[in-house]
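One structure below.
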Amino acid sequence: MAERKRPGDDAAGDRPEDEAYTDGDVQDDAVESADESASRGGDKAESGGVATKKEGRRGGNRISGFFREVVSELRKVIWPTRKELLTYTGVVIVFVTVVTTIVALLDLGFGKAVLATFGN
């Protein structure tokens with residue numbers, strides 16, 4: 001098992017009683033705390049009073065966390081200058097116009113070919 005140090009073990013002047021403990025020690029502590037909460041009114045925790053509050057808070061934290069992450073990502077974006085924006089907009093408008101013209105001419109040509117083939 002991997003050994004972990006308790007908080008403060010890295011401080012200068014370690015005392016001899018500060019020993020690293022194993023994962024088994026942590027699990028035993030967790031089991032003891034679970035037993036204590038069950039014996040001290042565990043029916044409250046089972047009814048969902050505490051769990052419901054945590055879930056409600058967690059949902060709010062997730063939404064606010066989402067918006068914080070959105071803002072932080074938007075700060076990383078390299079926004080175009082006004083000149084670049086106008087250039088890109090012009091390129092897009094010209095490209096869309098050219099493609100629309102090509103599609104319109106193909107549609108007109110295929111329409112005339114179908115009418116010529118099957119008659120009017």
Quick note, salt bridge (charged side-chain N to carboxylate O under 4.0 Å, His left out) partners involving residues 75-92, not counting sequence neighbours, are E73-K76

Enumerate donor-acceptor pairs with a distance under 3.5 Å from any side-chain N or O in residues 94-116 to protein atoms, sequence neighbours excluded.
from, atom 1, to, atom 2, distance (Å)
T97, OG1, I93, O, 2.7
T100, OG1, V96, O, 2.6
T101, OG1, T97, O, 2.8

Item to check | Flag side-chain contact, heavy atom, 4.5 Å: V71 against F67 | outcome: no

| request: Determine, using the 4.5 Å side-chain heavy-atom cutoff (strictly less than), whether L74 and L85 are members of one ILVMFWY cluster. | output: no

